Structures are given as C-alpha cells and as structure tokens.
Protein chains: 2
Amino acid sequence: MMMATIKDVARLAEVSTATVSRVLNGNGYVHQGTKERVAKAITQLNYRPNDVARSLFKGRSKMIALFVPDIMNPFFPELARAVEDMAKKRDYTFVLCNTDDDPAKEVNYVQELKQKSLDGIVIVSSTISGDFIKDVDIPVVALDRILHPSLSSVTVNNRQGAREATTYLQELGCKRIAHVAGPNNVSNAEQRLNGYLDVVQEEDWFRYSFIEQGGYHFDEAKKATERLLTKHPEIDGLFVANDLMGVGALKAAQSLGIAVPDQLSIIAFDGITLGETTTPTLTTMAQPIYKAGARAAEILIEQIEQQNDQRQVEEFTVEIVERESTRRRDA
Amino acid sequence: MMMATIKDVARLAEVSTATVSRVLNGNGYVHQGTKERVAKAITQLNYRPNDVARSLFKGRSKMIALFVPDIMNPFFPELARAVEDMAKKRDYTFVLCNTDDDPAKEVNYVQELKQKSLDGIVIVSSTISGDFIKDVDIPVVALDRILHPSLSSVTVNNRQGAREATTYLQELGCKRIAHVAGPNNVSNAEQRLNGYLDVVQEEDWFRYSFIEQGGYHFDEAKKATERLLTKHPEIDGLFVANDLMGVGALKAAQSLGIAVPDQLSIIAFDGITLGETTTPTLTTMAQPIYKAGARAAEILIEQIEQQNDQRQVEEFTVEIVERESTRRRDA
DNA sequence: TTATGATGTGTAACGGGTTACACATAAGCG
DNA sequence: CGCTTATGTGTAACCCGTTACACATCATAA
C-alpha cells in the first residue's frame with residue numbers, strides 16, 4: 001500500500017493538515033482532544049512524515065557527510081564510526097565520501113551534496129583548496145588536519161606528541177634515532193616531523209639522512225625503512241609518522257633480520273587497532289580517535305543548528321601506549 | 001548569494017520553467033536556439049537543480065545505503081569502499097549505517113531512511129528478521145550472508161572454500177585439524193563449519209571437541225584457540241572461520257609458545273589486508289571482497305532502475321592465498 | 001461589561017522542481 | 001488544398017509538508 005500522507009491523517013482525524021502538522025511538531029496551540037484524535041489517526045495509518053517534503057520547505061536535510069581519503073585506510077573506520085554515532089544520536093543521516101585525496105573529487109562531492117541540501121561536512125583532507133572550502137556556504141569542520149584558518153577544527157597535539165615519542169626513545173637509551181616521515185604537504189605529518197626535529201636536531205650525530213619519506217603508506221614506509229636501516233646500520237630507534245607505516249617499518253626490520261625491539265625500538269603514532277595485532281605489537285602515541293571524530297561531528301551539528309556559530313578549534317592530547325616494539329637498551 | 005532556481009533561469013532565458021526543465025532533462029521538444037539560450041542562462045547563473053524538489057516529485061532520492069554491523073571490523077571497509085564507488089559511478093549518494101547486529105537498530109534505520117525516500121539498501125546482517133526485510137518496499141540486496149530466500153544476494157562459496165582450506169591442511173601433512181568457528185546463527189559461519197566437517201567428520205581421530213566457538217571476534221577467537229590448544233596439544237592444523245579470528249589464533253599460539261607454522265599451521269578465511277601485516281602473515285581463503293560489494297551495489301541499482309526486476313543470486317569463488325602461517329609438515 | 005490576551009483551527013501560499021494537457025505552427029502527403 | 005503528424009512552448013496541477021495570516025471562541029482583568 002501507498003505511504004500515508006498528512007492529508008490522509010487530516011481526513012481521518014477530521015482536521016486540517018495544519019493541525020496535524022502542529023501536533024507533529026508540537027507547535028502552536030492544539031486542543032487536547034484534537035491532539036488525541038490526530039495521534040490516533042497517525043497510529044492507525046502508521047503515518048511517517050515525508051522528510052523530503054520537509055527538507056524542501058526548510059532547505060535543510062538532516063544529513064551530514066564525512067569526507068575521508070579512503071575508508072580502507074585503517075585509521076578512518078574508527079573516525080567514521082564516531083561521526084556516524086554522533087549523527088545518529090542527533091537524528092542526522094550519515095553520508096560517507098572517499099575522496100582519494102583528489103581535489104576534483106572533493107569539489108564534485110560538495111556540489112552534488114549541496115544539491116541534496118546537505119547540512120554540513122566533517123572533512124579529513126590535505127588536498128582541497130582552503131579557499132574553496134571556506135566559501136562552501138554550509139558548515140564545515142576540519143578533522144585530523146587543518147585546512148583553512150577560518151574553519152573549525154579538531155586535531156591532536158602532533159608536535160608535542162612527536163617530541164614525547166622521540167624523547168621516549170632517548171630515555172630507553174637509543175643513541176641514533178631516525179624518522180620515517182609522512183607526506184610533505186600534510187599539516188599533521190609536518191608537525192610530527194618538527195616534533196622529532198625539536199628533540200634531535202641539536203644532537204651531534206644528527207643528519208638529515210636520518211629522515212626518509214614514507215608518505216603515510218604501508219609499502220612506501222617499508223621501503224623507506226629499508227633504505228634507512230641499510231644506509232645507517234647504527235640506528236637503534238625509529239619514530240614513524242603513523243601506525244600503518246609503523247607496521248611497514250616492522251616488516252622492513254624483519255626482512256633485514258633486525259630484531260625488534262632487541263636491536264631496534266620502534267614507536268609510531270595514531271593508536272589504531274592494527275598495532276595490537278602485529279608481532280611484536282607496536283608502541284605508539286595514541287590519539288583519542290573516536291573522541292575526536294565524535295567531537296568534530298558535535299561541533300558541526302552545533303554550527304548547523306546555530307547553537308554556536310563561531311569557529312571552534314579543539315586540540316586533543318595524545319598518550320603513549322607502550323607495547324612490544326620498544327625496549328630499554330642495556331647501557 | 002542565494003542559490004539560483006529554475007525560475008531565475010526561466011526568467012533570464014525568457015522561457016517558461018517547463019522549457020528549462022526539458023532542456024535540463026533532455027525531454028520533449030525544444031528548439032535548438034531556445035536550448036542554447038537556456039544553456040547560457042544556466043551557465044551564467046551557475047544553476048544546479050535542487051535534488052530535494054526533484055526527489056519530492058519523483059519519490060526517489062538517488063541515495064542508497066549500506067548496512068554493516070560495524071565499520072570498525074576490518075572486513076567491512078573494503079565492502080564499503082566498493083559500494084560507495086559503484087554508487088558514485090551511478091550518481092547515487094552513499095549512506096553508511098552501523099547496525100551492531102541489533103535488529104531494533106536495523107528496523108529503525110530502515111524507517112528513518114524510507115522517510116528520506118532512500119532508493120535501496122545493501123545489507124550485511126544476520127540478525128534482522130527475514131520477514132521484516134522482505135516487506136520493506138524498496139529494493140534490498142543481501143551481501144555476504146543470506147537473509148531471506150526472496151531477496152537478491154551476493155555471497156561466496158563458503159562451504160566449498162572451507163573444504164578446500166581443510167583439505168589444504170591435510171595435504172600439508174596435518175594430522176589433527178581443529179576449527180575455530182564463527183557464530184552459530186550466521187549463515188556463512190555455519191557453511192564454513194559444515195565445509196570443515198565435510199572433510200574431517202569421517203576421520204577416526206575426529207571429535208566435536210576439535211571445534212570451539214570464536215564468534216567472529218578477535219578476543220573470543222584468541223581464547224577459543226587457547227582452549228583448543230590446551231586441551232588438544234596434538235593439534236597441528238587450524239582452520240579459523242575468518243581472518244580477524246585467525247589473527248587472534250596466531251596470538252594465542254604465540255602466547256602458548258607454539259610456533260606457527262613450524263608446529264602449527266593456521267589457515268583462515270576472507271583475505272583482508274590485516275592478514276598481510278601479521279608475523280607470520282596469514283594464509284587464507286580470499287574472497288573477492290571488492291568485487292562482491294560492487295556487484296551487490298550494481299544489482300541493487302539495476303533493481304531500483306527497473307532494468308532488472310527479478311531476484312538475482314550470485315556466488316563468487318574464494319581462492320587460497322598461501323602465506324606464512326602454513327607449511328608442509330615433514331612426514 | 002468590555003477590552004485584551006490566550007487558545008484553537010482552517011485557508012492558502014510556499015519551497016523548487018516535473019509533466020499532463022492544451023494550443024499553435026510547421027512540415028509532409030495524397 | 002485539406003488532413004495528419006511532428007515540433008515547440010506555456011499553463012497549471014502536483015509531490016507533501018510548514019507556516020503566515022485570518023478568524024473565532026473563551027477566559028480573565030479592569
């Protein structure tokens with residue numbers, strides 16, 4: 001059978017559609033008796049308002065989107081889960097977009113979603129033009145990476161975390177600490193690199209050849225680590241820009257017959273589950289991933305609902321999680 | 001500035017909105033010259049039709065959803081990616097729903113999405129009532145698990161794959177092969193169990209105590225494996241119902257000091273990336289996960305667009321991927 | 001008793017598209 | 001030349017809610 005409409009309810013309850021609408025939304029005055037008749041009609045017809053009609057009138061859709069480079073990257077599912085949970089909690093529908101870090105795709109998604117009256121976007125991106133995104137006339141919250149100074153954002157203290165990670169390796173007794181870096185143009189990767197440099201740059205052993213690019217990819221990081229360990233066999237500590245790459249580094253050490261953590265301590269960054277399943281498990285600077293995602297969604301929804309119009313910038317703190325890939329060196 | 005509407009275009013091009021609509025959709029007759037004037041006006045105003053208004057009239061939204069138990073389970077991101085890619089290719093917006101295997105949540109999502117005129121659902125579920133889902137009056141395609149005989153579905157040959165996995169262990173020379181099983185009520189888990197039984201049930205050593213429940217969870221599977229290996233130290237081969245559990249089994253063996261693959265060969269099922277990052281890497285019966293997801297979405301869209309109304313049932317084939325967790329036993 | 005505000009409800013416009021229908025003109029054909 | 005069909009375009013209804021506005025009734029205070 002056809003979905004019942006507000007007219008059917010109105011007819012059955014012998015009132016106008018305006019009255020039904022008022023009952024539905026709890027607006028205006030409605031006589032108690034009328035309210036009950038309408039409620040009864042609604043139940044009887046199993047009526048559910050058509051959200052499309054509502055959206056058309058209101059110009060809002062109760063939908064938010066999350067843009068990620070690729071949901072298959074194990075960092076993003078937890079973020080997606082967090083945003084979806086918050087969306088559901090606040091009665092929003094959750095749209096997921098994989099952008100592949102392609103600015104054209106990102107722009108294209110924005111346009112298509114705006115045609116659908118999407119209410120807002122949580123975006124993880126390093127590629128989209130800040131100038132484009134700041135002019136998108138719906139609320140946007142940047143997550144994990146900063147996109148434009150005018151946008152609300154939720155991030156972590158990458159630089160400080162990187163400093164702590166590197167210092168931790170020093171405290172374990174590591175004498176030569178290298179870094180497998182993330183991509184050049186990504187804010188959080190640069191911050192992690194800087195944090196590493198903050199700690200080691202003044203050391204007399206330090207040279208820039210202790211840094212290799214791993215581009216946030218498993219394979220690239222594996223190769224980068226192999227290069228590092230080959231040209232500098234003296235390396236006894238490794239700070240890797242994220243966990244996915246950290247696992248690549250683990251693999252590289254294995255393939256070169258270098259024992260982790262006996263000969264080499266490895267610490268990475270992010271705190272994704274993947275790091276718990278390797279052998280050895282991966283020591284890491286863990287982000288509160290879920291919390292950050294949920295908070296980003298919450299800020300977005302507050303902005304949508306005008307409860308809080310101004311820009312919010314929040315930075316969470318990372319915490320070391322000691323696992324098996326690091327160990328104190330005997331002096 | 002406000003978004004331009006079809007009326008603005010009509011005014012600028014000096015035609016009626018009907019004519020603009022015809023140009024937009026390539027319907028009916030429009031004079032060549034008129035067409036050009038309208039096209040010019042559209043460009044000039046940077047006009048994009050309002051999809052909400054369209055949806056209201058058509059009763060269709062160009063949105064499809066994917067229901068998964070939990071996107072944080074590493075089996076699902078690839079599926080999600082596949083469905084999203086296909087959705088995008090066919091100009092559909094992709095909605096992701098985490099159901100936590102909770103039938104109430106599933107029903108609730110269906111209702112909310114139907115209010116938004118969602119066009120169809122790809123669903124991975126073992127919990128939703130078949131009777132409920134078959135009466136949802138929009139197209140539904142079951143993926144990975146069978147839900148109801150009247151629904152289109154895309155699955156893999158779980159039973160045959162399980163037979164091959166178990167036989168493979170036999171061929172390696174394993175004499176006592178145990179199974180860490182998935183949940184009871186999930187069709188593919190039962191099929192995998194049955195495939196295992198097909199091969200070993202007639203063996204004289206076989207007893208049901210060689211089977212333990214691991215419920216498709218990492219931790220549960222780890223504990224189940226510990227129980228198995230403790231009560232049956234003679235086990236030299238293990239078929240695990242999926243890769244996530246397989247990694248749990250690997251951990252269990254490690255914690256008991258049992259060397260994989262030297263003392264124990266482990267083969268799992270699914271072929272997710274996670275199995276490539278462990279040490280040893282995990283031998284598995286790999287599903288064409290991406291292909292299956294993409295095909296499910298394609299069938300769904302065909303059904304939505306009435307190109308193909310009848311039920312489709314497709315079964316893909318799994319293939320063994322030999323990695324490091326299995327090895328031939330010396331006779 | 002009357003002015004005033006609170007309560008209760010319906011009418012109709014509106015949001016932004018799509019399309020059935022009517023009408024007009026032009027072209028093709030016997 | 002008259003009839004039929006193809007081409008071209010506008011009017012208005014429709015999709016399904018929401019809400020401004022008008023109007024009535026009722027209660028309360030002065």
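Labels below follow one simple rule: chain letters A, B, ... track the order of the sequence lines, proteins then strands, and each chain is numbered from 1. From a predicted model like this one, the values you see are computed outputs, not experimental measurements.
- Screening residues 2-30 of chain B for salt bridge (charged side-chain N to carboxylate O under 4.0 Å, His left out), with sequence neighbours left out, gives Asp8(B)-Arg11(B).
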Return the polar atom pairs (N/O with N/O) between nucleotides 5-8 of chain D and the protein under 3.5 Å, or none.
| unit_1 | atom_1 | unit_2 | atom_2 | d |
| --- | --- | --- | --- | --- |
| dT7(D) | OP2 | Tyr29(B) | OH | 2.4 |

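- Backbone-only contact: Asn27(B) has heavy atoms under 4.0 Å from sugar-phosphate atoms and none from a base.
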Under 3.5 Å, which N/O atoms of the protein pair with N/O atoms of nucleotides 20-23 of chain D?
none

In a table with atom names and distances, give each donor-acceptor pair under 3.5 Å that connects a side chain of residues 57-66 of chain B to protein atoms at least two apart or in another chain.
| unit_1 | atom_1 | unit_2 | atom_2 | d |
| --- | --- | --- | --- | --- |
| Ser61(B) | OG | Met63(B) | N | 3.3 |
| Ser61(B) | OG | Ser117(B) | O | 2.7 |

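- The C1' atoms of five pairs define one axis at each end of the helix from dT1(C)-dA30(D) to dG30(C)-dC1(D), and these two axes lie 40° apart (to 10°).
- Legend: residues meeting salt bridge (Lys or Arg N to Asp or Glu O under 4.0 Å) with Asp270(B), ordered by chain and number and at least two apart, are Arg192(B).
- Rounded to an integer number of Å, the gap from CG of Asn50(A) to P of dC16(D) is 7 Å.
- Every pair passing ring-ring contact (aromatic ring centres under 6.0 Å, His included) that includes a residue from residues 103-132 of chain B is listed here, sequence neighbours excluded: Phe67(B)-Tyr109(B).
- Counting only residues at least two apart or on different chains, the side-chain hydrogen bond (donor to acceptor under 3.5 Å, both in side chains) pairs with a member in residues 290-300 of chain A are Asp85(A)-Tyr290(A), Arg295(A)-Glu298(A), Arg295(A)-Glu314(A).
- Glu78(B) is linked by a salt bridge (Lys or Arg N to Asp or Glu O under 4.0 Å) to nothing, counting only residues two or more places apart in sequence or in another chain.
- With sequence neighbours left out, Asp91(B) forms a salt bridge (Lys or Arg N to Asp or Glu O under 4.0 Å) with no residue at all.
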Check residues 23-34 of chain A and write down every donor-acceptor pair under 3.5 Å in which the side-chain atom is one partner and the other belongs to a residue at least two apart or another chain.
| unit_1 | atom_1 | unit_2 | atom_2 | d |
| --- | --- | --- | --- | --- |
| Asn25(A) | ND2 | Ser21(A) | O | 2.8 |
| Asn25(A) | ND2 | Ser21(A) | OG | 3.3 |
| Gln32(A) | NE2 | Glu36(A) | OE2 | 2.9 |

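- A heavy atom lying under 4.0 Å from DNA chain C marks the following residues of residues 5-16 of chain B, by number: Thr5(B), Ile6(B).
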